[in-house]
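Below, read A as the first sequence line, B as the second, and so on, with proteins coming before strands; counting in each chain starts at 1. Heavy-atom basis, side chains included; hydrogens, waters and symmetry copies ignored. What you see is a predicted model; the values in this text were computed from it and never measured.
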Amino acid sequence: MTQNYDKLPQDAFTRIPRDTQEAEKISKPSVSFWQDAWRSLKKNKGAILSLILFGLIVLMSFLGPVISPYEPNDQTITHANLPPKIPVIENLGIMDGVGTLGGRQVDLYEMKNVEQNYWFGTDGLGRDMFSRVWKGTQVSLFIAFVAAAIDMLIGVIYGGISGYFGGRVDDVMQRIVEILTGIPNLVVVILFILIMDPGILAIIIALTITGWTGMSRVVRGQVLKYKSQEFVLAARTLGASDSRIIWKHLMPNVLGVIIINTMFTIPGAIFFEAFLSFIGLGLQAPDASLGTLINDGYKLIQYQPHILLFPAVVLSLIMIAFNLIGDGLRDALDPKMKD
Amino acid sequence: MEKILQVKDLELSFNTFGGEVKAIRGVNFDLYKGETLAIVGESGSGKSVTTKSIMRLLPEESAEFKNGEILFGGRDLTKLSDREMQKIRGKDISMIFQDPMTSLNPTMPIGRQITEPILKHQKISKDEAKKLAVDLLRLVGMPKPELRMKQYPHQFSGGQRQRIVIAIALACNPQVLIADEPTTALDVTIQAQILELMKDLQKKIDTSIIFITHDLGVVANVADRVAVMYGGKIVEIGTVDEIFYNPQHPYTWGLLSSMPSMDAEDAKLYAIPGTPPDLLDPPKGDAFALRSEYAMKIDMEQPPPFFKVSDTHMAATWLLHPEAPTVEPPEMVIERMKKFPGSRYYEGSAN
Amino acid sequence: MARYIGKRLIYMFITLALIATFTFFLMKILPGSPIASADKLSPEQRAVVEARYGLDQPLPVQYFDYMFGLLQGDLGISINQFKGADVTDVILSRMGPSAQIGFQGMLLGTVLGILFGMVAALRQNTWMDYGSTIVAIIGISIPSFVFASMLQYWLGLKLDLFPVALWKDGFMSSVLPSIALAMFPLATAARFIRTEMIEVLGSDYITLAKAKGASGSEIAFKHAFRNALIPLITVLGPMAVSILTGSLVVEQIFAIPGIGEQFVKSIMVSDFSIIMGTTIFFSVFLIVIILVVDILYGVIDPRIRLSGGKS
């Protein structure tokens, strides 16, 4: 009020016609749900790093066995139990092929007259750990992805039908799920492994036999939530068919939780595969997964820790990466967490 | 009249990832002893933030006082330490929140929730505090208060819960009571009961009330004075009659026109076009200009100062500048102005 | 509440009956006779042995005998590993060490997890928060057998702080296995409490508590902690599952004479009656735990406790 308004320009008080377009203009550019999710995922450094790390691990699981000069299952008994040796890094004092023999530190490569380098060392049968670890990673990832995909497929269909049709159908379907989820996962998996021939197929079936119930519950919950919302009622009033409502109206909303749930199913499956292999119910030799490699390595932990180290590190990295990606996706896709 | 609380040139911003949100951009008002001041405005106008900043309840990490002061009892609340502020909260200034369903601790019996501020601020024994709490419950109209002390919030209805929240707020006879939309989440019939209760209690304990709402019907019912907020600023302030029957700011006109009225001839409801301004990048001049059909060139360039309409009535609009053209307010507003002595449309007593 | 418990009990029995039935028929279809040296016996000897174990009865009779035995806690007889010993006795004799490391692991993990989660929530976006988040992610991600092997290698073998394996030094023997089992509960509790605390701290009743003049510590402990802690009960079930799953491998790694170690050994030598018995024992244990946890939740949370009454 202390300001002097006498010097206002001549035309200051001319009326300007209201521009209705201007008034209704939305000041922020509109962003789609997925663009928005991607943006907030990009801000999550842990998730992005994990994504890159996971990409590298997948790449290595295919390239590893190829770039290594040795086949994963080739045994060279004279080269057994060699510690890791990598040409350039060996100058740093690690991975230089030096191991303990009879209480003394010696270069086992020199001692055994081995010309080649084994980057991750060799196991008790002289197999190249580098190609075995990556081949094992490939197998573990394959089992996990297939199991997760089957879980997703069954879970989405079952939960979707149960939630969408509701009523008696839902009642019966939910009673079945309730009983199935009552059975501890561990028990189911072990029982199924026992009656089937051990192998990749047995593990996948055991993992998925009740694994899908988690997904079906989540999907059912979401479908129930959305199907009674106004936008679905509106679509129905306008004469949209069931399939149109499911695919155009419900799916985009349910997709978020499906992705999040799958992201947590995969590390669960990886863990269970490794767990089964560790207690002797997994793959049979000479096939290797990360779990069997860890099991083999564990037996020699006192003398040859490197045999345990590499598969354990890769397994842990995959698990950490997946959990971080899952967390990041949940934060990005779950609108509840957003202000 | 005695000024109990003074807010002077208050400016407050939130530091967000998107940048600085200027939520309050220079707010001035006084609160007198025993009066009810209503602050009205749409969502995002800064009315809630203003009162939360008085209580210092905004997140310290992001909310930052940029300028101005809040004077209470000779002290500037913006400068007090947390510890000093804790002594004021609940004792001298207390607050009622919008949603009674969520504002009580679900796992604590309500008796303990009411005695908590009493034990905190007054040097009395637990038993005395309990007695006081029972009295408070009776005061807010809770039947069988002794029996209900041990019950949990979920055992009460929404209206009852709001009564409990009011009892908590009144526990230490505060000088200022801030009510942040206390009836918005309630049924209309319960709303009326709670409003009656608050008016009644105010007479009994002589506290000053800042009443935040977006419901002009409620304002007419409870307020002595009204401040209209828009875009982080007060655009018009005056007595309840002045705001309702002699409004000056185009935004107040819009608000009044959008209020459903029984005696309006055509039943069409008016809606203010457009959306509130983006406070990340607030407009240079009058924040309402973009949505106003009365906008002038200067509205886009300079923020309007307050023009005095009467001793108690001020409005921040260039329309009150002597050089500004005379404009016709909306018809519904003219109808109102016809009833107000001193307005330019006054037609004599309406009765 | 009573109705809810009744319903849950019925489901529990259906589930257990299904598992038991499944287990029984599984034993029947598995290749080979349950009698170890069956091929060497003459038909007469064989009939005698079969009569002793009730194997000469028709299948339905065997089934009902088995189910009836289960109700009385009889899990059958170990045929090839313990030569006629009761499976129930074998399991019970091995319960002590498993229960001890399981309980210690659970306690250690939950208490530390709550502590980590609280600190992380109250000191959000500080190094303490990041530190506890990293611990939590690692705890959830790294399988217990990897973690157990690492503990054994570093703390047992290299630093010689604790016994490397076996159950000979009383409490000291239980330290490393308990820590290995504690990792998952710790990580789960820490993550859970952090999320819950942050949500609770942002809730309206915390703002009201602040408006009453409550101090930071009063808000954290009197108002927020209890509300954040109660829902933790819901993850006790998954934690118990993880302890049990973990015990299989952890007992194996540290050579602890517990149920898990016996179970894995039985898998190696295909002692089906022990495998089945232990499987049923595990099922009962987990299902009861989950039921108890759910009921406990209803008892502790006042919102659920009285939901039968006025709302």
Side-chain angles (χ1 to χ4, degrees), chain B residues 51-52 54-61 82-109 112-121 150-158 160-161 164-165 168-169 171-172 174 177-178 180 185, chain C residues 1 114 118 120-130 193 196-234 296-311:
Chain B
T51 51
K52 284 214 170 94
I54 296 173
M55 285 288 264
R56 293 259 305 272
L57 285 177
L58 297 165
E60 308 258 314
E61 314 87 76
D82 281 345
R83 197 166 282 267
E84 289 170 307
M85 208 50 222
Q86 282 163 19
K87 286 183 191 149
I88 290 177
R89 287 188 201 129
K91 179 167 174 269
D92 300 315
I93 309 178
S94 58
M95 193 156 179
I96 304 170
F97 295 91
Q98 181 171 353
D99 190 354
M101 303 314 269
T102 57
S103 47
L104 290 169
N105 186 337
T107 59
M108 197 188 264
R112 269 186 64 200
Q113 302 196 44
I114 303 173
T115 54
E116 192 184 7
I118 304 176
L119 290 168
K120 175 101 196 163
H121 299 298
K150 285 210 175 76
Q151 292 187 323
Y152 290 90
H154 71 271
Q155 290 163 289
F156 296 86
S157 70
Q160 284 176 323
R161 288 193 211 187
I164 295 166
V165 174
I168 293 172
C172 298
L177 176 64
I178 298 171
D180 189 351
Chain C
M1 194 74 200
I114 291 172
M118 282 281 283
L122 292 174
R123 295 278 174 276
Q124 246 188 91
N125 301 323
T126 63
W127 63 269
M128 285 191 258
D129 185 15
Y130 299 135
I193 289 284
E196 281 293 314
M197 269 302 266
I198 289 173
E199 203 187 307
V200 167
L201 286 175
S203 65
D204 288 353
Y205 59 86
I206 293 297
T207 315
L208 182 74
K210 258 182 226 165
K212 287 179 188 175
S215 66
S217 61
E218 280 173 323
I219 285 166
F221 293 101
K222 259 168 88 177
H223 289 276
F225 185 53
R226 192 181 148 87
N227 283 297
L229 197 60
I230 288 173
L232 185 67
I233 297 172
T234 55
L296 202 67
Y297 188 47
V299 171
I300 290 178
D301 192 328
R303 280 163 297 189
I304 297 173
R305 178 163 71 205
L306 292 144
S307 60
K310 222 169 166 181
S311 66

> side chain to side chain contact (heavy atoms under 4.5 Å, CB included) with B:L119: which residues, sequence neighbours excluded?
Replying inline: B:T115, B:K126, B:A129
>> Please find the pair of heavy atoms, one from B:Q86 and one from C:A214, that lie closest to each other, and give the distance.
In response: CG-O, 3.9 Å
> Does a donor on one side chain and an acceptor on the other come within less than 3.5 Å for C:D204 and B:T102?
Replying inline: yes
> Do other residues, nucleotides or ligands put more than 12 heavy atoms under 6.0 Å from B:K120 NZ?
Replying inline: yes
> If you tally heavy-atom pairs under 4.5 Å against chain B, which of C:A209, C:G202, C:S215 wins?
Replying inline: C:S215
>> Set out, in order, the CA-CA distance, both residues' side-chain angles and the distance that settles side-chain contact (heavy atoms from CB on, under 4.5 Å) for C:K210 and B:M85, then state yes or no.
In response: CA-CA 10 Å; C:K210 258 182 226 165; B:M85 208 50 222; over 6 Å; no
>> side-chain contact (heavy atoms from CB on, under 4.5 Å), that's the test. Do C:R226 and B:M108 meet it? Break it down for me.
In response: CA-CA 9 Å; C:R226 192 181 148 87; B:M108 197 188 264; over 6 Å; no
> Roughly how far, to the nearest 0.5 Å, is the OG1 atom of B:T107 from the OH atom of C:Y205?
Replying inline: 6.5 Å
>> Using side-chain heavy atoms (C-beta onward) and a distance below 4.5 Å, is C:T207 in contact with B:S103?
In response: no
> Non-hydrogen atoms of chain C under 4.5 Å away: do they reach the side chain of B:M55, the backbone, both or neither?
Replying inline: side chain
> Which distance, rounded to the nearest 0.5 Å, do you find between the CG of C:L208 and the CD1 of B:I168?
Replying inline: 5.0 Å
> Is there a donor-acceptor pair closer than 3.5 Å between any side-chain N or O of C:K212 and the backbone N or O of B:Q113?
Replying inline: yes
>> Nearest 0.5 Å, please: how far is OG in C:S203 from CG in B:L104?
In response: 11.0 Å
> How many angstroms lie between atom CG of B:L57 and atom CD1 of C:I206, to the nearest 0.5 angstrom?
Replying inline: 12.0 Å
